[in-house]
Amino acid sequence: MSDTTGEPTLTHDGSTPYEDYVRAEVLTHLQRPLSEDPGEMAFLVTTQVMELWFTVIVHEWRTAADALREDDLPRALAALRRSGYQLTALNASWEPLAHLTPGEFNAYRAALGEGSGFQSAMYRRLEFLLGEKSAAMLVPHRGTPKVHDELSKALHEPSLYDEALGYLSRHGEAPLPAEVLARDFQARYEPHPAVEAAWQRVYAAGEGPLLTLGEALTEVAELVWRWRNDHLVATRRAMGGKTGTAGSAGVAWLEKRAAKHVFPELWTARSHV
Ligand code: HEM
């Protein structure tokens, strides 16, 4: 209870209300470095921080997807705007890892064994919401049924982009073809000329709610691309052209992944406006 001195309350029954809400005691005891190297703590915590941001962003995109399905554009735009700020914070958290020398990274790299961000289930959720579906990405999670089930459910659900295209079809000048709207949701989204033409019309109009939606999605797409590129450059600085801990070709493999456009027609339509 507050008193009249203007000082914060010091006594609580049991744990503090802050602890009850934030669970800081749990959160700050989840760090188990695998080496003796003092630099590993920053690597581990940065990775955990990014996992937390992935979790929030997945939450926002699911909110946005649900809202679009229900034709509630303001709710969708609010969630997308929040996710843009969160993506900016996520990208800023590269800083502690962006300047590693190969020697610094080598000091704990061997301790990571085959562990790699490639095995991040929350990052896959994020990619699935972008429409970048892949059943193969479930395979590493076979040993953890709960994670596997969640990912499998996300694989079969329409993505954020699928829901955006549904909204575009219902509110644009012309409906989109059934092969777009009723596509096989577990397959990777492939660009379609009718979608490019629809976004082209939206952008040619120069204003309106669909343009606002297009720009909110473009912002998301650009910030995801920035995360991928920052990851790529940090990796190139830390380990050059070596093979990745998950066994990939490393930088060469990441370059191919980062080259793909998120929400492809939002980029290609611009050439025709
Ligand atoms: C300097 C530090 C880092 C290096 C050198 C690095 C290196 C790599 C490499 C080489 C890959 C390719 C897969 C493999 O063979 O391992 C990869 C994938 C990945 N890493 Fe990192 N990584 C770093 C930091 C991080 C951090 C902090 C995260 C945050 C969670 C992260 C998340 C990912 C994800 C999600 C993938 C999969 C990308 C995809 O599927 O396209 N990485 N990383």
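Note that ligands are numbered from 1 as they come in the structure, with each ligand's atoms numbered from 1 the same way.
Side chains of His192 and Glu179: a donor-acceptor N/O pair is present below 3.5 angstrom, by distance only. At a cut-off of 3.5 Å, with distance as the only test, a side-chain donor of Ser159 or Asp162 sits close to an acceptor on the other residue.
When each of Trp225, Trp61, Tyr161 is checked for a ring pair (Phe, Tyr, Trp, His ring centres under 6.0 Å) with Phe263, only Tyr161 meets the rule. With respect to Asn91, the side chain to side chain contact (heavy atoms under 4.5 Å, CB included) criterion is satisfied by exactly one of Arg226, Gln86, His231: Arg226.
For atom 33 (C) of ligand 1, the nearest protein heavy atom (residue, atom name, distance) is Gly117 CA, 3.4 Å. Protein heavy atom nearest atom 6 (C) of ligand 1, with residue, atom name and distance: Thr235 OG1, 3.4 Å. Ranking the protein heavy atoms by distance from atom 9 (C) of ligand 1 puts Leu254 CD1, 3.8 Å first. Nearest to atom 29 (C) of ligand 1 among the protein's heavy atoms is Met50 SD, 3.5 Å. In this structure, the protein non-hydrogen atom closest to atom 40 (O) of ligand 1 is Arg124 NH2, 2.7 Å. In this structure, atom 41 (O) of ligand 1 lies nearest to the protein heavy atom Arg257 NE, 2.7 Å. Closest protein heavy atom to atom 19 (C) of ligand 1: His231 CE1, 3.3 Å. Annotation: atom 16 (O) of ligand 1 to nearest protein heavy atom, Ser116 OG, 2.8 Å.
Residues meeting the salt bridge (Lys or Arg N to Asp or Glu O under 4.0 Å) test with Glu163, sequence neighbours left out: Arg69.
Across the listed options Phe105, Trp94, Phe118, Phe105 owns the non-hydrogen atom lying nearest to atom 5 (C) of ligand 1. The option from Phe54, Tyr123, Trp53, Phe43 that lies nearest to atom 30 (C) of ligand 1, judged by heavy atoms, is Phe54. Evaluated by nearest non-hydrogen atom to atom 13 (C) of ligand 1, the leading choice among Ser248, Ala258, Ala249, Gly244 is Ser248.
Taking each heavy atom of Leu210 and His171 in turn, the nearest pair found is CD1-O, 3.7 Å. Residues Thr243 and Arg109 share a closest heavy-atom pair of O-NH2, 2.7 Å.
Remark: ligand 1 atoms within the under-4.0 Å shell around heavy atoms of Gly250 are 10 (C). The atoms of ligand 1 that sit less than 4.0 Å from any heavy atom of Thr47 are 27 (C), 30 (C). If you number the atoms of ligand 1 from 1 as listed, the ones under 4.0 Å from a heavy atom of Leu97 come out as 27 (C). Atoms of ligand 1 lying under 4.0 Å from at least one heavy atom of Gly247, given by number and element, are 15 (O).
Polar contact check, Met137 against ligand 1: no nitrogen or oxygen pair lies under 3.5 Å apart.
Contact check on Glu150 versus Lys153 returns no salt bridge, with no Lys/Arg side-chain nitrogen under 4.0 Å from an Asp/Glu carboxylate oxygen.
Separation of the Tyr21 and Tyr18 ring centroids does not fall under the 6.0 Å cut-off. Side-chain rings of Tyr123 and Trp53 stay apart, their centers remaining 6.0 Å or farther from each other.
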